[in-house]
Number of protein chains: 2
Amino acid sequence: MKPTIYDVAKEAGVSIATVSKVINHTGNMRPATRLKVKQAMERLNYRPNLMATALTGKATKTIGLLVPDISNPFFSEMARTIEDRAHEAGLSVIICSTDENEQKEKKYLELLQQKRVDGFIIASSFHDREGLKRLKEQGTPIVMLTQDDGGLGVPSISVDDYKGGFEATSYLITSGHKRIAVIAEHVSSSRLRIYGYKEAHASHGIPFVEEQIYKTTASTENGKFCLLTMHEKGLLPSAIFACNDLIAIGVIHGAKELGIRIPEDLSVIGFDNTILATTTVPALTTVAQPVADMGRKVVDLLLEAIETKALTNEKVLYTPELIIRGTTKNETIAT
Amino acid sequence: MKPTIYDVAKEAGVSIATVSKVINHTGNMRPATRLKVKQAMERLNYRPNLMATALTGKATKTIGLLVPDISNPFFSEMARTIEDRAHEAGLSVIICSTDENEQKEKKYLELLQQKRVDGFIIASSFHDREGLKRLKEQGTPIVMLTQDDGGLGVPSISVDDYKGGFEATSYLITSGHKRIAVIAEHVSSSRLRIYGYKEAHASHGIPFVEEQIYKTTASTENGKFCLLTMHEKGLLPSAIFACNDLIAIGVIHGAKELGIRIPEDLSVIGFDNTILATTTVPALTTVAQPVADMGRKVVDLLLEAIETKALTNEKVLYTPELIIRGTTKNETIAT
DNA sequence: TTGAAAGCGCTAACAG
DNA sequence: CTGTTAGCGCTTTCAA
């Protein structure tokens with residue numbers, strides 16, 4: 001079996017209390033004693049059992065990260081920066097993919113609570129508001145990422161989705177597009193992006209129809225499906241604002257299948273600026289989120305909440321950046 | 001504070017042993033008693049503390065997954081299937097990105113040991129063989145994924161890298177290519193892929209030069225850099241076999257920058273068949289690994305090792321599949 | 001400066 | 001069928 005604190009104590013000829021003190025750098029001690037203990041630990045290759053430590057009331061040094069799907073490049077890129085920052089601070093991360101599914105949300109939330117994680121980063125939409133509220137009331141730190149807090153009163157980090165939607169749409173409009181569809185997700189950030197989409201129309205005096213607003217779940221398949229649907233209904237727009245890159249890629253795939261040329265026949269804008277946006281040809285025009293900054297910030301905020309035990313309500317809004325690449329085209333010049 | 005087993009016992013008017021029994025479905029009990037306890041748990045919203053449970057010798061129901069980089073689509077796709085399978089079996093997954101860096105490997109391995117994870121899935125190359133050996137000797141189940149076990153005597157799951165390299169190269173050769181470069185990684189799987197590359201040359205009676213073998217780390221930047229290097233040295237081949245999609249994409253980027261047409265001037269084959277391979281134009285010819293099967297299998301194997309406490313040495317080899325898309329071209333026909 | 005002892009929340013004999 | 005009790009490995013007073 002693995003050596004315990006008792007083994008070390010015996011090996012060093014001291015009490016477990018003394019060993020505990022050298023582990024935690026607490027209290028004073030004769031240097032010789034400290035050395036004896038250290039050597040004993042070395043000899044036995046001793047590592048404290050974090051389970052036992054956690055049981056005495058200390059932190060578990062683990063946080064939970066809930067994302068819709070870790071295989072979505074946006075979230076895996078985000079997860080990577082979160083992981084790095086967390087480890088810098090001595091925290092491990094348990095990642096759970098919810099698929100935006102209420103059952104899974106509940107299951108994972110409960111599971112992680114039982115594991116006594118020190119806090120949560122929630123980057124997935126949350127249907128079970130009640131569960132979150134209880135969590136919060138129990139004093140567990142929570143930070144929302146890419147998600148509003150739904151009046152929960154917890155900190156949240158996100159990009160200015162409204163602005164992103166507004167700028168993407170405005171760009172399309174000023175490029176001469178008049179029939180612009182939007183493919184959004186069933187999540188709070190999409191609501192704001194749609195709002196931006198609408199306001200852009202309003203401010204340019206261009207009408208839009210509700211039928212041009214599609215809602216789906218993030219995947220290339222669904223993006224393609226939406227385009228096919230538009231085509232079947234004879235409602236093909238001249239431009240599509242997709243609420244994430246995955247959907248935009250799906251649209252591009254669908255377009256190829258239908259023989260629709262991009263950007264000549266159809267302009268496409270994505271959102272997130274994941275690696276995928278750089279691999280398409282032409283490269284995808286998209287709205288970038290500062291993933292690295294956001295990932296670091298969300299960990300810092302959570303850390304602060306964990307350490308101070310105080311529940312702030314800070315809302316951090318990052319500025320999105322429209323990155324113009326090859327999938328959009330100026331209609332006024334073109335036609 | 002969170003309710004403990006004592007609170008439930010008091011609430012239900014029974015002893016903690018009884019409560020423990022209903023939690024673990026052990027022993028018999030008068031239905032009425034069980035009901036009383038269940039209701040008490042319900043009322044208090046009781047959840048057992050997994051830390052305490054783990055301390056009594058039970059499993060932590062957590063496994064560690066070491067990958068080079070979770071933001072690499074191949075690994076995030078793999079992580080997703082692992083996560084799903086693990087959760088089906090009641091296990092959580094802690095993912096750590098090692099960047100193939102020995103310091104991080106050590107750090108994470110140690111960290112996860114302290115967290116008393118039930119087992120490890122190692123999908124990252126491992127410089128610290130000693131650490132792994134000690135781990136294994138301590139009885140911790142380990143399964144290698146995408147990596148040989150380096151004589152460690154633990155199970156391993158991978159694709160037949162030799163075959164993948166052989167087929168990719170053979171395809172290029174039979175398409176008429178005579179100057180084929182390979183860009184590999186500093187990992188064990190790449191060694192076999194290179195071996196396949198060499199054997200393909202040998203079996204077709206085509207010579208190859210060692211200078212055509214490049215080694216780097218997985219990223220688009222590095223792939224591009226390799227192509228630029230070849231160009232500078234005046235050693236541009238007519239085809240490149242990249243040992244993963246990320247590198248292949250980098251080559252494509254580099255080619256675009258240099259005005260090299262793909263596949264007309266240069267054929268490119270990747271490896272992994274990640275989502276990236278479908279988003280390039282033309283789509284990337286690549287060698288597919290059955291990620292979903294591998295992910296499930298690796299969890300099943302680990303689970304078996306955890307449950308039986310037996311250390312098998314099973315080697316599972318999946319068959320790679322060459323997927324021909326648009327980045328390769330038949331030279332014989334072309335020229 | 002060091003150690004004895006009382007928990008932390010739960011499991012698992014062993015009694016009753 | 002139910003309860004008592006002794007740990008699991010560590011932290012933390014409180015004495016010595």
Side-chain angles (χ1 to χ4, degrees), chain A residues 1-41 44-62 110-111 113-118 138-139, chain B residues 1-41 44-62 110-111 113-118 138-139:
Chain A
M1 271 312 291
K2 296 206 157 99
T4 72
I5 199 171
Y6 288 93
D7 300 318
V8 176
K10 193 181 297 172
E11 175 81 16
V14 298
S15 77
I16 61 164
T18 303
V19 177
S20 177
K21 275 169 198 150
V22 352
I23 293 172
N24 300 290
H25 310 96
T26 46
N28 290 315
M29 188 178 308
R30 197 174 305 164
T33 312
R34 187 184 308 279
L35 185 65
K36 266 197 311 190
V37 174
K38 283 196 167 176
Q39 290 174 335
M41 298 195 323
L44 270 44
N45 194 244
Y46 168 75
R47 299 284 175 269
N49 181 331
L50 257 24
M51 297 294 125
T53 307
L55 193 53
T56 69
K58 288 201 160 187
T60 54
K61 292 292 180 184
T62 306
E110 199 149 286
L111 183 71
Q113 275 184 266
Q114 290 188 228
K115 287 206 195 292
R116 296 300 190 265
V117 295
D118 298 334
Q138 276 182 159
Chain B
M1 271 314 288
K2 297 205 155 102
T4 72
I5 199 173
Y6 288 93
D7 299 320
V8 176
K10 192 182 297 173
E11 176 81 16
V14 299
S15 77
I16 59 164
T18 304
V19 178
S20 177
K21 276 168 196 150
V22 351
I23 294 172
N24 300 293
H25 310 98
T26 46
N28 290 315
M29 188 180 307
R30 194 177 307 164
T33 312
R34 187 183 307 280
L35 186 65
K36 264 197 313 189
V37 174
K38 283 196 167 176
Q39 289 174 337
M41 298 197 320
L44 268 43
N45 193 242
Y46 169 75
R47 300 283 175 271
N49 182 333
L50 256 25
M51 296 296 124
T53 307
L55 194 54
T56 70
K58 290 204 157 184
T60 54
K61 292 294 183 182
T62 307
E110 197 149 286
L111 184 72
Q113 276 184 265
Q114 290 188 229
K115 287 204 196 292
R116 296 300 190 267
V117 295
D118 298 334
Q138 277 182 161

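Predicted model, so just to flag it, every value in this text is computed and none were measured.
Here the side chains of B/Val22 and B/Met41 are in contact, with some heavy-atom distance below 4.5 Å. You'll find the side chain of A/Lys115 stays beyond 4.5 Å of the side chain of A/Thr60, heavy atoms only. Residues A/Lys36 and A/Val14 are in side-chain contact: their nearest non-hydrogen atoms beyond the backbone lie under 4.5 Å apart. With a 4.5 Å cut-off on side-chain heavy atoms, A/Ile23 and A/Ile5 count as touching. At a threshold of 4.5 Å between non-hydrogen side-chain atoms, the residues B/Lys2 and B/Arg47 do not count as touching.
One atom, NZ of B/Lys58, and another, C1' of C/dA12, lie 9 Å apart when rounded to the nearest Å. Rounded to a whole Å, the CG atom of B/Asn49 is 6 Å from the P atom of C/dC10. As rounded to whole Å, 17 Å separates atom P of D/dG9 from atom CE of A/Met41. Atom NZ of B/Lys36 and atom C1' of D/dC1 are 11 Å apart (whole Å). Protein atom CD1 of B/Ile16 is 11 Å distant from nucleotide atom P of D/dT5, rounded to whole Å. In this structure, A/His25 places its NE2 atom 14 Å from P of D/dT12, rounding to the nearest Å. C/dG9 atom P lies 17 Å from atom CZ of B/Arg47, rounded to whole Å. The CG atom of B/Leu44 sits 13 Å away from the P atom of C/dG9 (whole-angstrom rounding).
Listed pair B/Thr53 / C/dG9 fails the phosphate criterion, with no side-chain N or O lying under 4.0 Å from OP1 or OP2. Listed pair B/Thr33 / D/dT2 meets the phosphate criterion, a side-chain N or O lying under 4.0 Å from OP1 or OP2. Dashed line: the shortest gap from a side-chain N or O of B/Ser15 to OP1 or OP2 of D/dG3 is under 4.0 Å. Remark: A/Thr18 is not in phosphate contact with C/dT2, judged by side-chain N or O atoms under 4.0 Å from OP1 or OP2.
Here A/Ser20 lies in heavy-atom contact (under 4.0 Å) with a base. Counting non-hydrogen atoms under 4.0 angstrom, A/Val14 reaches the backbone sugars and phosphates but no base.
Nearest to the side-chain atoms of A/Thr56 among the listed nucleotides C/dG7, D/dT12, C/dC10 stands C/dG7. Between C/dC10, D/dT11, D/dC1, one nucleotide has an atom nearer to the side chain of B/Asn28 than all others, and that is D/dC1. In the set C/dT1, D/dG9, C/dA4, C/dT1 carries the atom at the smallest distance from any side-chain atom of A/Arg30.
Of the residues near DNA chain D, A/Thr26 and B/Tyr6, the one whose nearest nucleotide (by heavy atom distance) lies more toward the 5' end is B/Tyr6.
With hydrogens and angles ignored, a donor-acceptor pair under 3.5 angstrom links the side chain of A/Lys21 to the base of C/dG3.
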